[in-house]
J.: 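Before I ask anything, let me first share the structure, which is written out below as structure tokens.
Given the structure is predicted, the values throughout are model-derived calculations rather than measurements. The figures here come from the full heavy-atom set of this structure, side chains too, leaving out hydrogens, waters and symmetry mates.
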Amino acid sequence: KLILLDSLLQEIMNPGIFQPGLAALPTSTVELSIRCENLADTDILSKSDPVCVLFIKGKANNWLEFGRTERISDTLSPSWHKKFVMDYKFEERQLLKFAIYDVDSESSRLDSHDFLGSTEVSLGEIVAVQSKGFSKKLIGKGGMIHVISEELLGNKETVTFNFCAKNLDKKDFFGKSDPYLEISRSTECNQYVIVHRTEVVKSNLNPQWKQIKLEVRTLCNGDYHRDLKFSVYDWDMGGGHDYIGSFHTTLNRLKSGRNSENIYECIEEEKQKKKGAKYKNSGTVILNDISIEAVPSFLDYIQGGTQVNFTVAVDFTGSNGNPKNPSSLHYQDPTGRPNQYVTAITSVGEIIQDYDSDKMFPALGFGARIPPTGEVSHEFFLNLSTESPFCQGIDGLLSAYYNSLYNVQLYGPTNFSPVINHVAQFASAYESDPSNYFVLLIITDGIITDLEETKRSIIKASKLPLSIIIVGVGEEDFSAMDALDSDDRLLSCGGLVAARDIVQFVELRKFLQGGGWSKELLARAVLAEIPAQLSGWMKLKSFQPRK
């Protein structure tokens, strides 16, 4: 099958096989590294906590969100380590907008945060100045944005390493330093871009940092001789982190492991100039261990015969509103205009059907009173059949949806755990078999009532060949959904911790701005984490792709 997702195409991103007589569009995958300087300070008692949001201009001339960096606390000159990876198409003018916000709460809505500034530019303009980097003033409250682009090369290796430090300089007047480590790689414009930032080890001049795991492509773009800069800082609550020192090395040197070659003097250049020959170092950083391994990709498993099985679950709870009311998310518009659930089913269905050769999808509903007795059900077949939940293609899914909409009563409460447990039961049959992987797609208005039970179900399912995609429709605050999508740390509940991250949450409204929507961006958002989650499951079970 032809898989059209950018996240998968990145695995085969280079020009490819030379095929005389055929046509191919000149595309490549580029990584954008972002930093800003002199941002406005909108917080009273501390500095701003900035995040960068990237938008691309859609076909309807509207701005569609592409992605966000991490939030960095208390700084007016942030350098984000999360990158934007996208396809550069020479024949298209790809318009981008970078917007900077000061994040004041856990809300995912941008209008809940302070806007600091933005700039619009084409991807071609950024790529054209790759050798020196792109810089531009932000429109809004001031500041500068700097963007460095680099074409990514194919590399399936992962490096895992671990560092400690000895005798670091004491920077705090009333206590010891609180050190953390930043890893940056050099670029062709003679600048460094951050690729990783460790945790802070409080009050310790001899810190032991946690194990670091990175793709070799992320660390050095597959170039073992690329200059890497390791910088040590003393964390400060107010954001004015003190520089302790740095050293340079390469992956080629690091790969030899723990030895005298990988004990590095941490040098603070200004201090060295002042003290001259009397200055030795500001501490040493030691490589404890390192391993580099080739990790099979998502496509390796798909090409080896692994089947991806999708199940759709639709929210029929009363919080969606009366279907006869135009404000309802399930509104049955006499003009035939699709409601948000139809839009979600259609758009996501068009994406997932590429993965299924027979186009037969099991589909469930939850949170409704169902015929013939009106009992409340939290997992019923969407087609209301008593025998089989399968629907034939997108038309079958829509037919089943309308059949339920006309024959059930929206009720409640909104319980996710029953449908998760339903699919988990099927996935458990393949716990020791790499031939099948399951994906549950839940479409909901986001008001969840069994949050703790859902967390426990997700944690239990994290040991199975299963991923969960939640698509939020409507205008609710989806902070509870963000809590389930544990990108920063593994989901936990009552002492239980997930074996891996298996949830991806997407807000549909981000792709419906300006009266249009982008299937390409929605595809990226909906399925962005599935390749890594599937590969992560296979690695957890030590499964190799079938040849």
Side-chain angles (χ1 to χ4, degrees), residues 29-43 46-58 62-88 92-104 108-152 182-197 218 221 229 231 233 239-241 510 513 521:
T29 301
V30 295
E31 176 190 82
L32 304 181
S33 301
I34 318 296
R35 67 181 180 91
C36 286
E37 291 179 324
N38 303 318
L39 295 176
D41 190 357
T42 56
D43 292 345
S46 63
K47 297 177 182 175
S48 296
D49 306 317
V51 64
C52 178
V53 184
L54 174 60
F55 299 87
I56 70 169
K57 181 155 282 191
N62 54 329
W63 289 110
L64 299 166
E65 183 175 329
F66 181 87
R68 305 182 186 190
T69 65
E70 78 279 10
R71 176 179 68 177
I72 300 182
S73 299
D74 299 314
T75 180
L76 303 183
S77 296
S79 184
W80 293 281
H81 68 75
K82 183 175 180 180
K83 317 297 184 189
F84 297 117
V85 177
M86 61 197 318
D87 282 342
Y88 166 59
E92 290 184 19
R93 189 161 192 256
Q94 298 164 269
L95 294 176
L96 313 178
K97 179 167 72 172
F98 297 92
I100 315 300
Y101 289 84
D102 173 24
V103 177
D104 295 317
S108 61
R109 298 183 65 119
L110 293 177
D111 56 12
S112 299
H113 309 295
D114 295 324
F115 173 72
L116 298 181
S118 67
T119 191
E120 298 178 16
V121 62
S122 73
L123 182 56
E125 290 178 81
I126 295 173
V127 171
V129 292
Q130 182 169 308
S131 61
K132 62 180 181 179
F134 174 85
S135 299
K136 193 174 182 181
K137 286 185 178 181
L138 292 169
I139 298 173
K141 297 180 180 178
M144 290 284 294
I145 187 169
H146 305 278
V147 184
I148 293 177
S149 69
E150 181 169 355
E151 182 177 356
L152 289 179
E182 278 188 357
I183 306 175
S184 305
R185 73 166 187 247
S186 60
T187 64
E188 63 178 275
C189 60
N190 294 319
Q191 297 183 43
Y192 287 87
V193 295
I194 294 175
V195 297
H196 185 78
R197 186 180 286 116
T218 299
N221 204 10
K229 182 179 180 181
S231 304
Y233 290 89
H241 310 310
K510 291 182 179 179
Q513 301 169 2
L521 283 184

J.: When the ring planes of Phe115 and Tyr101 are compared, do they come out parallel, tilted or perpendicular, using 30° and 60° as the limits?
T.: perpendicular
J.: Any donor and acceptor pair, going by atom type alone, linking the side chain of Glu125 with main-chain N or O of Phe134 inside 3.5 Å?
T.: no
J.: Hey, could you give me the OG/CG distance between Ser118 and Leu138, rounded to the nearest 0.5 Å?
T.: 7.0 Å
J.: Kindly give the heavy-atom pair with the smallest separation between Ser149 and Val127, and that separation in Å.
T.: OG-CA, 3.8 Å
J.: Quick one, Leu39 and Thr75 - any side-chain contact, counting heavy atoms below 4.5 Å?
T.: no
J.: Can you give me the closest heavy-atom contact between Phe55 and Leu110, atom names plus distance?
T.: CZ-CD1, 3.6 Å
J.: Rounded to the nearest 0.5 Å, what separates atom SG in Cys189 from atom NE2 in His146?
T.: 11.5 Å
J.: Between Thr119 and Ile139, does the side chain to side chain contact (heavy atoms under 4.5 Å, CB included) criterion hold? Intermediate values first, please.
T.: CA-CA 6 Å; Thr119 191; Ile139 298 173; 5.7 Å; no
J.: State plainly whether the residues Glu182 and Arg197 are in salt-bridge range, i.e. N to O under 4.0 Å.
T.: yes
J.: Would you say Asp102's side chain and Pro50's backbone share a donor-acceptor pair under 3.5 angstrom?
T.: no
J.: With side chain to side chain contact (heavy atoms under 4.5 Å, CB included) as the test, would you mind laying out the steps for Leu96 and Leu32 before giving the verdict?
T.: CA-CA 12 Å; Leu96 313 178; Leu32 304 181; 4.2 Å; yes
J.: Kindly say whether Glu151 contributes a backbone atom to a donor-acceptor pair with the side chain of Asn221 at under 3.5 angstrom?
T.: yes
J.: Taking the side chain as C-beta and beyond, is there a heavy-atom pair between Tyr192 and Ser231 under 4.5 Å?
T.: no
J.: Atom OG of Ser48 and atom CD1 of Ile100: how far apart are they, to the nearest 0.5 Å?
T.: 11.0 Å
J.: Is it true that a side-chain atom of Lys82 and a backbone atom of Arg68 form a donor plus acceptor pair closer than 3.5 Å?
T.: yes
J.: Between Ile126 and Val30, is any pair of side-chain heavy atoms under 4.5 Å apart?
T.: no
J.: Quick one: pull up NZ in Lys47 and CD1 in Ile72 and give me the separation to the nearest 0.5 Å.
T.: 13.0 Å
J.: Between Thr218 and His81, is the side chain to side chain contact (heavy atoms under 4.5 Å, CB included) condition met? List the steps.
T.: CA-CA 10 Å; Thr218 299; His81 68 75; over 6 Å; no
J.: So, do Gln191 and Arg35 sit near enough that their side-chain heavy atoms are less than 4.5 Å apart?
T.: yes
J.: Start with the C-alpha gap between Leu95 and Trp63, add the side-chain angles, then the distance that decides, and say whether side chain to side chain contact (heavy atoms under 4.5 Å, CB included) holds.
T.: CA-CA 9 Å; Leu95 294 176; Trp63 289 110; 4.2 Å; yes
J.: Could you work out, with salt bridge (charged side-chain N to carboxylate O under 4.0 Å, His left out) as the rule, every residue matching Arg185, not counting sequence neighbours?
T.: Glu31, Glu150
